[in-house]
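In what follows, every chain begins at residue 1, and chains take the letters A, B, ... in the order their sequences are listed. Just so it is clear, the values below take in all heavy atoms, side chains as well, and ignore hydrogens, waters and symmetry mates.
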There are 2 protein chains.
Amino acid sequence: MNEIDFQNPEQTIFYQIEKAIKQYRTMAQNNLNELGYSITINQILMLIQIEKRPEISQVELSELLFKDVASITRMTELLVKRDFLLRAENKDDRRKKDLRITDKGKTIIELAIPIIKKNRNIALAGLNQEEQENLFKALNTIILNTSK
Amino acid sequence: MNEIDFQNPEQTIFYQIEKAIKQYRTMAQNNLNELGYSITINQILMLIQIEKRPEISQVELSELLFKDVASITRMTELLVKRDFLLRAENKDDRRKKDLRITDKGKTIIELAIPIIKKNRNIALAGLNQEEQENLFKALNTIILNTSK
DNA sequence: ACCATATATTTGATTTATCAATTATATTTG
DNA sequence: CAAATATAATTGATAAATCAAATATATGGT
C-alpha cells in the first residue's frame, strides 16, 4: 500500500474516503427520503445547526457545512420558500440576517434526527470505541496536513 | 464521542470525513493548477484510468470515479474538445466507444502523476504504515456497512 | 468625524452533477 | 428466430455548487 498504484485506485486511502463518504451520503439520503418530505441531508443539517445556535451567521453556516456562502444564501432562500425557515434583518448588525426555524421546520428536525442517528450507527457498526477513536485521529491528521 | 452531538458536529466521524476529503480535494486542485493547464483532478484521474486500461467503458469509468454515466459522457466530450482524448466507435460492440489518450493527454498525465503522489504524501504525513492500514480498514468497514 | 478596510450577504454567470427518458445495439429466452 | 430484456451511451431538464463582483453596513485608526 506504500507505492501508489493508479491501476488499482481502490487500494488508495483517498479512494476509500471518497467511496465511504459517497455511499454514506447515498444511504443517508435514501433513508431520509422515506420520511416523504423532499428534503436533502444538507438542508436538514443546516436546519439543525440553526436550531441549536439561533444566532449563527450564514458565514458560520458555510464553514460548518463546507459550502460557499453563495450556496448558503440559496439554501436559505429555498428553505424559506418551503416554510422551514424564517429570515429577518438582525437588529444589532444590519448586514446580518436572523434565521429562525418554523414549526414545520421543527417537525422535520424531530423526524430526521433519529434517522441521522440510525444512519451513523449503521455506518459505524463493527467498529469498537478504540477503532472509532483511531479513525477520528487519523482523519484529523489528514485535516491538519491539508489545511491551508 | 458515543452520543451524537449536533451542537458540535466537528466531533463526529462523518464531519471529519467530509472535512478531510474536502480539504484534500482543495489542496490537490490547487497544486494541480500550478501546472498552468486548466484541468480538474477528476479529469486527470479519468485520463489516468483510460491510459492504464484502454478498453475501459464509460460505465466502468463512472463506477471508478463515483459519477453518473451522464457526467462521464460530458467529461469525455470536454476532454475530446480540449484534445486530451479521442473517442471512436468500438468495433466489437457498437454501443461502446473506444477512448484513447492523445499525446497532449499523455503529456499532462506525466506532469500530473508526481503532483498527485506528492499530494497524497503531504496528506498522509505522520501516519505510519500501521496507522494507514487501520485507517484503510476502518473506511472499508464503513463502505461495507453502507453498501446497498 | 472621516476614510480605509473589513465583514455579511446577495446576485449573475458558469460549471458540475444528477435524474429520467431516449436511442442504439446486444443478449437471452421461449 | 422473434420478442423481451439488458446494456452502453447520449440528451434535455434541472439542481447544486462555485467564483467573482456588487451592495450594504460596520469597525478601526488617525
> Could you walk me through whether Ile17(B) and Ile17(A) pass the side-chain contact (heavy atoms from CB on, under 4.5 Å) check?
Replying inline: CA-CA 7 Å; Ile17(B) 296 180; Ile17(A) 297 180; 3.8 Å; yes
>> For Arg87(B), give me all partners under salt bridge (charged side-chain N to carboxylate O under 4.0 Å, His left out), at least two apart in sequence or on another chain.
In response: none
>> Minimum heavy-atom separation for Glu55(A) and Glu60(A), please, with both atom names.
In response: O-OE1, 4.5 Å
> Which of these, Arg95(A), Lys96(A), Arg94(A), sits in a side-chain contact (heavy atoms from CB on, under 4.5 Å) with Glu89(A)?
Replying inline: Arg94(A)
> Does the pair Glu131(B) and Leu135(B) meet the rule for a side-chain contact (heavy atoms from CB on, under 4.5 Å), with working shown?
Replying inline: CA-CA 6 Å; Glu131(B) 289 166 330; Leu135(B) 171 55; over 6 Å; no
> Backbone N or O of Ile115(B) within a donor-acceptor pair of the Asn119(B) side chain at under 3.5 Å?
Replying inline: yes
>> Within the 4.0 Å heavy-atom criterion, would you say Thr40(A) contacts the bases, only the backbone, or no part of the nucleic acid?
In response: sugar-phosphate
> Do you know which of Thr76(B), Leu61(B), Ile109(B) makes side-chain contact (heavy atoms from CB on, under 4.5 Å) with Ile50(B)?
Replying inline: Leu61(B)
> Can you give the dot-bracket line for DNA chain C, using ( ) for pairs inside the strand, [ ] for pairs that cross earlier ones, | for pairs with another strand and . for unpaired bases, where Watson-Crick and G-U count if both distances are under 3.5 Å?
Replying inline: ||||||||||||||||||||||||||||||
>> Please find the pair of heavy atoms, one from Tyr15(B) and one from Glu63(A), that lie closest to each other, and give the distance.
In response: OH-O, 4.1 Å
>> Which is more 5' along DNA chain D, the nucleotide nearest Val59(B) or the one nearest Phe66(A)? Just name the residue.
In response: Val59(B)
>> Regarding Thr73(A), tell me which of base, sugar-phosphate or nothing describes its non-hydrogen contacts under 4.0 Å with the strands shown.
In response: base
> Mind checking which nucleotides bracket the chain B contacts on DNA chain D, 5' to 3', with an atom under 4.0 Å from a heavy atom?
Replying inline: dA6(D) to dT18(D)
>> Any heavy-atom pair between the side chains of Ile116(B) and Ile48(B) that's under 4.5 Å?
In response: yes
>> With a 4.5 Å cut-off on side-chain heavy atoms, are Lys67(B) and Met46(B) touching?
In response: no
> Other hydrophobic cluster members with Val69(A), side-chain heavy atoms of Ile/Leu/Val/Met/Phe/Trp/Tyr under 4.5 Å, chained?
Replying inline: Val59(A)
>> Please identify the 5'-most and 3'-most nucleotides of DNA chain C with any atom under 4.0 angstrom from a heavy atom of chain A.
In response: dA6(C) to dT18(C)
>> Counting the atoms with a prime plus P, OP1 and OP2 as sugar-phosphate, which does Ser71(B) contact under 4.0 Å by heavy atoms, base, sugar-phosphate, or nothing?
In response: base
> Are Arg25(A) and Glu18(B) within salt-bridge range, i.e. N to O under 4.0 Å?
Replying inline: yes
>> If you assign Asn42(A) and Gln58(B) each to the DNA chain D nucleotide with the nearest heavy atom, which residue ends up on the more 5' nucleotide?
In response: Gln58(B)
> Which word best sums up how the rings of Tyr24(A) and Phe14(B) line up, parallel for under 30°, tilted for 30 to 60°, or perpendicular for over 60°?
Replying inline: parallel
> Heavy-atom contacts under 4.0 Å between residues 89-98 of chain A and DNA chain D, which residues?
Replying inline: Asp92(A), Asp93(A), Arg94(A), Arg95(A)
